[in-house]
Amino acid sequence: MKFDVSKLAASLKKQIEGFEDKGRKGEVGRVISIGDDIASVYGLKDAMLGELLLFPEDRYGLVMNLGEDSIDCALISGEGNIKEGDEVKRTKRVVEVPVGDALLGRVLGALGNPIDGKGPLGNTATRPVERVAPGIMRRQSVDTPMLTGIRAIDAMIPIGRGQRELIIGDRQTGKTSIAVDAIINQKGKGVKCIYCAIGQKTSSVAYLAKQLRDAGAMEYSLIVSATSSEPAPQLYLAPYSAMAMAEEWMEKGEDVLIVFDDLSKHAVAYRTLSLLLRRSPGREAYPGDIFYLHSRLLERACRLNAENGGGSITALPIVETQEGDISAYIPTNVISITDGQIYLTSDLFNAGHRPAIDSGLSVSRVGSSAQHRDMKEVGGGLKIELASYQENLSFAQFGSDLDASTKAILTHGAVLEASLIQKNGAPEAEEKQALLLYACKAGYFDAVPPSEVASLLEEYFDYLENAAPEAVREVAESHELGDSVKERIRETAADFLKNRQ
Ligand code: ATP
Ligand code: MG
């Protein structure tokens with residue numbers, strides 16, 4: 001028999017082609033190199049971007065780069081003892097976190113794992129952390145206020161449910177305090193709150209959890225925390241996890257308030273990851289997709305329309321500036337993504353004007369359409385009056401001879417400015433804000449030295465509640481300052497000042 005080489009080759013080829021190691025082909029790979037929590041893996045040609053890979057020691061890696069011959073992934077819980085040559089398996093899953101009411105009152109890690117020592121969460125549904133934001137047709141513009149209980153914000157920079165409002169300022173200017181007050185103020189308002197700590201000290205998160213617990217706010221809140229000691233992938237994932245938890249409630253028609261403290265540290269964690277993945281650095285060494293990192297997160301916060309349940313996510317991202325530089329890369333990015341910003345300055349903070357809100361540079365682009373009538377009335381023009389006060393104040397420095405009208409603007413402005421000073425941890429009911437600001441705006445307390453205004457307003461409100469409880473009730477119910485109420489404020493303010501002397 002003649003030996004036909006070509007036939008043999010064809011038959012061998014056929015056998016090789018037909019060979020399929022079921023369950024292994026493209027499903028199991030090997031580590032080529034590992035370091036700084038980043039692993040290059042060979043042999044997983046079917047793996048997808050964002051997929052979870054299973055490494056030895058039950059460690060998971062998140063696929064971040066798909067190369068021609070290898071893929072790079074970030075090890076979510078650190079690299080441990082993984083070595084070159086170790087086996088890596090596909091899981092065909094993306095990162096998912098637990099969601100639902102069982103999460104309330106808990107402190108969770110970046111992936112929804114409980115870290116408060118109160119045991120497992122039990123059976124909960126899960127959701128993927130990344131999701132496309134709701135489209136235009138499913139949305140509605142804001143029409144319900146999201147009250148923070150802070151006078152200066154609710155009157156001048158109002159926030160609506162579904163709005164994204166940035167809190168920006170240098171370190172130690174009271175950024176976190178504003179967010180905490182906003183959470184505490186949601187008590188009894190049917191809003192669920194999520195505080196997402198990114199890259200903070202564990203002690204700060206523990207203190208914050210205590211603050212919320214003491215204020216009785218943990219019943220409707222949860223904390224997602226990726227502290228600075230955690231690997232960078234967890235810091236990167238934490239806000240998306242928190243957003244997924246919020247979305248679950250929003251889609252059930254509920255209102256959620258979510259705080260990201262803070263996104264500058266999130267950007268830094270992502271920059272670390274990107275540089276380790278050898279992506280090219282751009283401005284300030286951040287990668288090219290740094291804008292998309294935050295826009296795809298914050299776009300998921302919105303107000304859904306009635307057909308989609310009418311739920312909402314209000315987002316309060318926090319960004320830390322260096323030396324008040326709001327034109328740096330990350331601040332400008334987040335300013336352009338959000339619907340306004342609350343700008344805090346160290347100068348005001350150190351001058352004792354707390355919350356240290358710069359009324360000139362702070363804006364809310366959509367919130368005023370959600371403001372109640374009473375707050376609209378006292379808030380309208382407040383910014384302009386304060387601006388004209390500041391302007392006159394700087395001119396008054398040059399001369400001592402002031403005409404009567406300038407003097408009046410200065411004394412009234414000083415009282416108005418002082419009326420916005422408020423301690424942290426004491427958010428106020430809307431009617432209290434409206435009544436007190438109305439009294440100050442109408443000039444009833446212009447004769448009072450500005451340094452006494454803060455304590456005087458507290459006393460006056462106690463007095464008003466005793467002398468005219470019906471007026472307070474009326475404002476609380478109707479959210480309006482009717483003529484009779486205004487008359488009562490005028491009378492009680494005069495009586496109060498008379499009795500006080
Ligand atoms: P960091 O940059 O460290 O995160 P931060 O900007 O978040 O700081 P906070 O931690 O909120 O600032 O506040 C700093 C300090 O100022 C805290 O001790 C807080 O109690 C105090 N503080 C904040 N707001 C007020 C306020 N309205 N009245 C008085 N003290 C305040
Ligand atoms: Mg803070």
Side-chain angles (χ1 to χ4, degrees), residues 147-157 165-185 193-212 214-215 217 221 223-229 235 238-239 242 257-269 315-326 328 330-331 334 341-359 361-362 417-428 432-433 436-437 450-451 453-455 457-458:
L147 298 166
T148 60
I150 298 168
R151 263 177 242 156
I153 297 178
D154 292 342
M156 283 192 301
I157 323 156
E165 183 80 10
L166 169 67
I167 302 174
I168 184 168
D170 280 2
R171 51 175 297 279
Q172 288 290 306
T173 48
K175 303 182 296 298
T176 306
S177 301
I178 288 185
V180 169
D181 283 357
I183 292 179
I184 295 175
N185 196 45
C193 304
I194 302 179
Y195 176 84
C196 177
I198 309 157
Q200 300 209 28
K201 289 185 296 243
T202 316
S203 60
S204 321
V205 181
Y207 177 65
L208 188 127
K210 184 179 174 299
Q211 265 181 306
L212 292 183
D214 290 349
S221 312
I223 296 176
V224 176
S225 159
T227 53
S228 47
S229 58
L235 268 68
L257 169 67
I258 186 165
V259 176
F260 300 109
D261 197 358
D262 63 66
L263 288 187
S264 358
K265 296 200 182 73
H266 184 235
V268 168
L316 295 180
I318 295 178
V319 162
E320 187 182 302
T321 51
Q322 310 288 335
E323 297 286 314
D325 182 14
I326 45 172
I330 302 301
V334 186
Q341 72 273 352
I342 298 169
Y343 180 47
L344 306 172
T345 67
S346 307
D347 290 348
L348 286 170
F349 191 84
N350 295 335
H353 188 87
R354 304 175 187 180
I357 298 171
D358 182 319
S359 55
L361 287 174
S362 302
E417 202 178 56
S419 73
L420 298 176
I421 293 178
Q422 193 180 342
K423 273 200 77 61
N424 58 330
E428 284 174 354
K432 181 172 176 184
Q433 298 178 326
L436 291 183
L437 287 177
S451 59
V453 169
S455 59
L457 288 180
E458 289 302 322

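Just so you know, these numbers come straight off a predicted model, no measurement behind them. Each residue takes its place number in the sequence, starting with 1. Indexing begins at 1, ligand by ligand and atom by atom, following the structure's order.
For the 3.5 Å distance criterion, the side chains of D261 and T176 qualify, holding a donor opposite an acceptor. In summary, the side chains of D262 and S264 do present a donor paired with an acceptor at a separation below 3.5 Å, with no hydrogens or angles considered.
Taking the side chain as every heavy atom from C-beta outward, N424 and V180 never approach each other to under 4.5 Å. The closest side-chain heavy-atom distance from V319 to L166 is below 4.5 Å. Looking only at side-chain heavy atoms (C-beta outward), Q341 and I326 stay at 4.5 Å or farther from each other. Between L316 and I178 there is no side-chain heavy-atom pair separated by less than 4.5 Å.
Shown are I168, V268, I198; of these, the side chain to side chain contact (heavy atoms under 4.5 Å, CB included) with L263 is made only by I198.
In this structure, H353 and E417 approach most closely via the heavy-atom pair CE1-O, 3.1 Å.
For ligand 1, the protein residues placed under 4.0 Å by at least one non-hydrogen atom are R171, Q172, T173, G174, K175, T176, S177, E320, F349, R354, P355, Q422, K423, N424.
Of all protein N/O/S atoms, those under 2.8 Å from the Mg ion (ligand 2) are T176 OG1, and waters are not counted.
Here the straight-line distance linking atom NZ of K175 with atom OG1 of T321 works out to 7.0 Å at 0.5 Å rounding.
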